[in-house]
*Asks:* 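Below is a structure I'd like to ask you about.
A note on names: the letters A, B, ... follow the listed sequences, proteins ahead of strands, and every chain is numbered from 1. All heavy atoms count here, side chains included; hydrogens, waters and symmetry mates do not.
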Amino acid sequence: MQIYNKLLEEYGPQGWWPVYSLRNTLGRDDRGYFVSGVFIETNYRASLRKSTILEIAVGAILTQNTSWINVEKAIDNLVKDNLMDPNIILKIPQDELANAIRPSGYYNQKAKKLKILTRYLLDGNFYEDGNIPNRENLLELWGIGEETADSILLYAYGVPLFVIDEYTRRIFGRLGILESTQSYKEIAEVLNRELEKDFIVYQEYHALIVKHAKEHCRTKPDCLKCVLREECSFFQNVQVYTY
DNA sequence: TCCCAGGGGCCGA
DNA sequence: TCGGCCCATGGG
């Protein structure tokens with residue numbers, strides 16, 4: 001939580017997941033969302049819910065090993081072509097879907113994944129309020145691994161699961177909190193134990209990790225203005241070797 | 001020209 | 001169980 005607070009102080013709330021129909025920060029209040037500071041009532045939220053869940057699920061697939069800027073182009077194509085609808089995604093030919101999401105890369109695989117996930121969510125009635133997919137069932141789907149499953153559950157359904165991606169491993173690895181050899185399950189157990197069970201915190205924390213990884217903790221790290229360098233074992237070692 | 005990006009499936013050791 | 005390879009576009 002100390003790391004979280006430092007990142008939050010440095011970068012401010014990130015307001016993830018970046019959804020096309022709700023570009024701005026979501027509120028904590030269960031009665032509705034805040035969009036651009038305007039409160040949206042729950043009955044309106046219900047109508048938004050289906051498109052929001054779909055868009056988060058689609059984004060979670062499209063962003064696999066892909067920068068978000070390319071995912072946005074693919075999502076924009078889907079919206080522009082009126083394809084951002086579960087029934088349409090299921091109905092159209094796979095190559096047509098693939099063509100629309102081409103900018104996100106791996107488009108043939110991802111088109112197949114979108115159809116499989118959409119079918120699962122539709123059949124299980126998971127676009128309706130209160131119905132939450134089971135993590136194990138999600139993992140059984142072709143194309144859904146642990147990170148994608150947890151992203152969907154955390155951001156679309158508010159389940160407090162820490163999303164562990166390459167950025168998470170890199171940052172906590174460099175800090176000295178995690179070993180690079182630890183499995184997803186082992187890392188998840190540590191983080192889910194150490195943090196308070198608040199899905200808003202989980203959502204914000206992962207977003208802040210991505211922000212920090214892009215700003216400073218890149219593959220080639222930029223440590224000089226990093227807010228975490230005092231507690232970072234990587235930086236301490238860099239100092240020993242460099243200065 | 002090369003590296004990197006919010007992974008996951010598959011296969012052989 | 002784990003490393004290596006494949007999938008693919010686009011920006012820096």
Side-chain angles (χ1 to χ4, degrees), chain A residues 3-4 7 11 13-20 23 52 55-78 94-120 133 135-157 159 161-174 178-189 191 199 201-222:
Chain A
I3 303 293
Y4 171 77
L7 292 176
Y11 300 115
Q14 300 298 299
W16 265 32
W17 191 275
V19 175
Y20 192 92
R23 287 287 192 208
T52 305
E55 205 180 307
I56 291 171
V58 166
I61 297 285
L62 295 184
T63 198
Q64 290 175 354
N65 206 31
T66 303
S67 59
W68 186 256
I69 190 75
N70 288 347
V71 175
E72 281 188 331
K73 291 172 185 170
I75 289 178
D76 286 350
N77 285 346
L78 292 174
Q94 191 168 302
D95 59 347
E96 189 177 327
L97 184 59
N99 192 50
I101 62 172
R102 180 177 287 269
S104 71
Y106 309 101
Y107 45 84
N108 289 318
Q109 289 193 347
K110 286 175 178 176
K112 181 180 172 186
K113 293 175 183 181
L114 289 182
K115 281 180 170 284
I116 290 172
L117 178 58
T118 298
R119 165 59 66 196
Y120 169 77
R135 187 175 189 271
E136 298 308 313
N137 292 340
L138 275 175
L139 291 176
E140 288 172 0
L141 301 178
W142 187 88
I144 306 292
E146 296 191 283
E147 185 191 335
T148 306
D150 289 346
S151 292
I152 293 168
L153 289 170
L154 175 61
Y155 289 104
Y157 296 96
V159 180
L161 290 166
F162 205 96
V163 175
I164 295 147
D165 58 2
E166 191 52 36
Y167 291 156
T168 312
R169 293 175 186 274
R170 182 194 302 164
I171 290 176
F172 286 132
R174 284 177 178 164
L178 296 175
E179 302 287 339
S180 59
T181 54
Q182 285 181 282
S183 69
Y184 193 102
K185 189 180 177 185
E186 289 172 328
I187 296 172
E189 282 173 358
L191 297 176
F199 75 91
V201 172
Y202 280 59
Q203 290 180 345
E204 199 59 54
Y205 206 155
H206 178 62
L208 287 166
I209 282 173
V210 174
K211 177 76 172 175
H212 186 60
K214 288 177 176 174
E215 294 283 326
H216 294 289
C217 208
R218 300 190 284 260
T219 312
K220 292 179 180 176
D222 171 27

*Asks:* Name every residue in residues 213-220 of chain A that has at least one heavy atom under 4.0 Å from any atom of DNA chain C, in order of residue number, or write none if there are no such residues.
*Replies:*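 Per residue number, the list is empty: none.
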
*Asks:* Without placing hydrogens or testing angles, list every side-chain donor-acceptor pair under 3.5 Å for residues 98-105 of chain A, not counting sequence neighbours.
*Replies:*
unit_1: A/R102; atom_1: NH1; unit_2: A/Y107; atom_2: OH; d: 3.1
unit_1: A/S104; atom_1: OG; unit_2: A/I101; atom_2: O; d: 2.9

*Asks:* A/E146 CD to B/dG9 P: how many Å, rounded?
*Replies:*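 About 10 Å, once rounded to whole Å.
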
*Asks:* Just to be sure I understand: a Watson-Crick pair is purine N1 to pyrimidine N3 plus N6-O4 or O6-N4, both under 3.5 Å. Using that and G-U wobbles, which stems of three or more pairs involve DNA chain C?
*Replies:*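 Paired runs of 3+ in DNA chain C: B:2-5 with C:9-12, B:7-13 with C:1-7.
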
*Asks:* Using side-chain contact (heavy atoms from CB on, under 4.5 Å) as the criterion, list what pairs up with A/A149, not counting sequence neighbours.
*Replies:*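 A/A149 satisfies side-chain contact (heavy atoms from CB on, under 4.5 Å) with A/L138, A/L139, A/I144 only.
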
*Asks:* With heavy atoms under 4.0 Å as the rule, sort A/L62 into base, sugar-phosphate or nothing.
*Replies:*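 Nothing: the residue A/L62, judged by heavy atoms under 4.0 Å, touches no strand.
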
*Asks:* Can you list the residues that meet the side-chain contact (heavy atoms from CB on, under 4.5 Å) rule with A/K115, with sequence neighbours excluded?
*Replies:*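 Listed in chain order: A/I89, A/Q94, A/L97.
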
*Asks:* With respect to the phosphate group of B/dG8, does any side-chain polar atom (N or O) of A/T148 fall under 4.0 Å of OP1 or OP2?
*Replies:*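 So the side chain of A/T148 is within the cut-off, an N or O lying under 4.0 Å from OP1 or OP2 of B/dG8.
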
*Asks:* Restricting both atoms to N or O, compile the protein contacts to nucleotides 10-13 of chain B shorter than 3.5 Å, with distance only.
*Replies:*
unit_1: B/dC10; atom_1: OP1; unit_2: A/W142; atom_2: NE1; d: 3.4

*Asks:* Quick one: what's the B/S/- string for nucleotides 6-12 of chain C, heavy-atom cutoff under 4.0 Å, read 5' to 3'?
*Replies:* -BBBSS-

*Asks:* Just by distance, do the side chain of A/R169 and the backbone of A/Q182 share a donor-acceptor pair under 3.5 Å?
*Replies:*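 Checking the backbone N and O of A/Q182 against the side chain of A/R169, a donor-acceptor pair under 3.5 Å is found.
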
*Asks:* Could you tell me which residues satisfy side-chain hydrogen bond (donor to acceptor under 3.5 Å, both in side chains) with A/T118, sequence neighbours excluded, listed by chain and number?
*Replies:*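 Here no residue qualifies.
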
*Asks:* Pick the P atom in C/dG10 and in B/dG8, then give their distance to the nearest Å.
*Replies:*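 Result for the P pair: 22 Å, nearest Å.
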
*Asks:* Only counting residues at least two apart or in another chain, list the ones meeting ring-ring contact (aromatic ring centres under 6.0 Å, His included) with A/Y106.
*Replies:*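 With sequence neighbours excluded, A/Y106 shows a ring-ring contact (aromatic ring centres under 6.0 Å, His included) to no residue whatsoever.
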
*Asks:* For A/R170, which contact category applies under a 4.0 Å heavy-atom criterion: base, sugar-phosphate, or nothing?
*Replies:*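 Result for A/R170 = sugar-phosphate.
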
*Asks:* My understanding is that only residues two or more places apart in sequence, or in another chain, count here; which of them pass salt bridge (charged side-chain N to carboxylate O under 4.0 Å, His left out) with A/K211?
*Replies:*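 Once residues adjacent in sequence are excluded, the partners of A/K211 under the salt bridge (charged side-chain N to carboxylate O under 4.0 Å, His left out) criterion are A/E215.
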
*Asks:* Between B/dG7 atom C1' and A/I152 atom CD1, what is the distance in whole Å?
*Replies:*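 So the CD1-C1' distance, A/I152 to B/dG7, works out to 12 Å.
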
*Asks:* Scan A/I61 against the nucleic acid and name what it touches under 4.0 Å (heavy atoms): base, sugar-phosphate only, or nothing.
*Replies:*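 It contacts nothing in the nucleic acid.
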
*Asks:* Measure CG/A/L139 against P/B/dG7 and give the value in whole Å, please.
*Replies:*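 Distance check: A/L139 CG to B/dG7 P gives 16 Å.
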
*Asks:* Checking A/D165 now: which residues fulfil side-chain contact (heavy atoms from CB on, under 4.5 Å) with it, not counting sequence neighbours?
*Replies:*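 A/D165 satisfies side-chain contact (heavy atoms from CB on, under 4.5 Å) with A/E147, A/Y167, A/T168, A/H206, A/V210 only.
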
*Asks:* Specify the separation, in whole Å, of atom CG of A/L114 and atom P of B/dG8.
*Replies:*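 To the nearest whole Å, that distance equals 14 Å.
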
*Asks:* Can you list the residues that meet the ring-ring contact (aromatic ring centres under 6.0 Å, His included) rule with A/Y4, with sequence neighbours excluded?
*Replies:*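 Residues passing ring-ring contact (aromatic ring centres under 6.0 Å, His included) with A/Y4: A/Y205.
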
